[in-house]
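Below: the structure, in structure tokens.
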Amino acid sequence: MNYWLIKSEPEMCSYADLEKSPKKTTYWDGVRNYQARNTLRDLMKKGDRCFFYHSNAEPSGIAGICEVVKEGYPDWTAFEKGHEHFDEKSDPDNPTWFMVDVKAVRPMPRLITLAELKSVKGLEKMVLLQKGSRLSVQPVTAKEWAIVCKHAGVAP
DNA sequence: GCCAACGTTGGC
DNA sequence: GCCAACGTTGGC
């Protein structure tokens, strides 16, 4: 199993919003970055776990854990004229952008803030904590996953 | 709201 | 292919 961290602005879609979605599931649309696209399209597999991270938030941090329930498929919001994520350069016959479906698994007992993560031993190399890191879909190692879960007091 | 860091675009 | 200009992300 692989582990990931996905960022969402809670104003747009918070972890609580995901839990309130039908079947606690939503499609992860709107990623318009090639590196993140490759991860969505090629690497994220059914059953993989993701930290659900609140970015641009007060405070920012990991709010919960979710699971990939549908592997990479074309992000159709890129084809919808007028849609917030419309991209005229993405051809339905050869889509540029992809998305996955994720389902809420469990909330963190409390928000694990970015400031807090920075002080946890063993997370120094975590992509999230690297200077200038802006990737909205990023890998988490099994070790990092275990450390964060232990720190948060949830089952890995 | 500020601004540093990064990604993309486009002229050459 | 280089690189300046621009747009976006996201912490603070």
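Residue numbering restarts at 1 for every chain, and letters A, B, ... go by the order of the sequence lines. Here the structure is a predicted model, which is why all the values come from computation and not from measurement.
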A/Tyr53: partners by ring pair (Phe, Tyr, Trp, His ring centres under 6.0 Å), with sequence neighbours left out: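 Ring pair (Phe, Tyr, Trp, His ring centres under 6.0 Å) list for A/Tyr53, sorted by chain: empty.
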
For nucleotides 10-12 of chain C, print each protein N/O atom paired with a nucleotide N/O atom at under 3.5 Å, atom names and distance only.
residue, atom, partner, partner atom, Å
C/dG10, OP1, A/Lys7, NZ, 2.9
C/dG10, OP1, A/Arg134, O, 2.8
C/dG11, OP1, A/Tyr53, OH, 2.8
C/dG11, OP2, A/Asn56, N, 3.0
C/dG11, OP2, A/Ser60, OG, 2.8
C/dC12, OP1, A/Lys118, NZ, 2.7

Interatomic distance, A/Tyr34 OH vs B/dG7 C1' [rounded to whole Å]: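 Taking OH of A/Tyr34 and C1' of B/dG7, I get 11 Å after rounding.
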
Would the distance check show the side chain of [X] and the main-chain N or O of [Y] forming a donor-acceptor pair, the cut-off being under 3.5 Å?
{"X": "A/Thr25", "Y": "A/Lys23", "answer": "yes"}
{"X": "A/Glu124", "Y": "A/Gly122", "answer": "yes"}
{"X": "A/Gln138", "Y": "A/Leu128", "answer": "yes"}

Heavy-atom closest pair, residues A/Glu19 and A/Lys24: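 Heavy atoms of A/Glu19 and A/Lys24 come nearest at O-CG, 3.4 Å.
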
Minimum heavy-atom distance A/Val127-A/Pro139, with the two atoms named: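 Scanning both residues completely, I find the closest heavy atoms to be CG2-O, 3.9 Å.
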
Joint cluster assignment, A/Ile112 & A/Leu129, ILVMFWY side-chain distance < 4.5 Å: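 Yes, A/Ile112 connects to A/Leu129 through the hydrophobic network.
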
Stepwise salt bridge (charged side-chain N to carboxylate O under 4.0 Å, His left out) check, A/Asp42 with A/Arg37: CA-CA 8 Å; A/Asp42 306 329; A/Arg37 185 281 307 272; over 6 Å; no

Residues touching DNA chain C, which here means a heavy atom under 4.0 Å, drawn from residues 73-85 of chain A: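 Here the set is empty: none.
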
Would you list the atom pairs, donor with acceptor, under 3.5 Å between side chains in residues 92-106 of chain A and any protein atom, with sequence neighbours excluded?
residue, atom, partner, partner atom, Å
A/Trp97, NE1, A/Asp87, OD2, 2.7
A/Asp101, OD1, A/Tyr73, OH, 2.5
A/Arg106, NH1, A/Ala155, O, 3.1

Close N or O pairs between protein and nucleotides 3-5 of chain C (under 3.5 Å):
none

Axis-to-axis angle between the two ends of the helix from B/dG1-C/dC12 to B/dC12-C/dG1 (five base pairs per end, rounded to 10 degrees):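 The value is 10°.
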
Residue closer to the 5' end of DNA chain B, A/Lys131 versus A/Arg32 (nearest nucleotide):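 The residue whose closest nucleotide sits nearer the 5' end is A/Lys131.
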
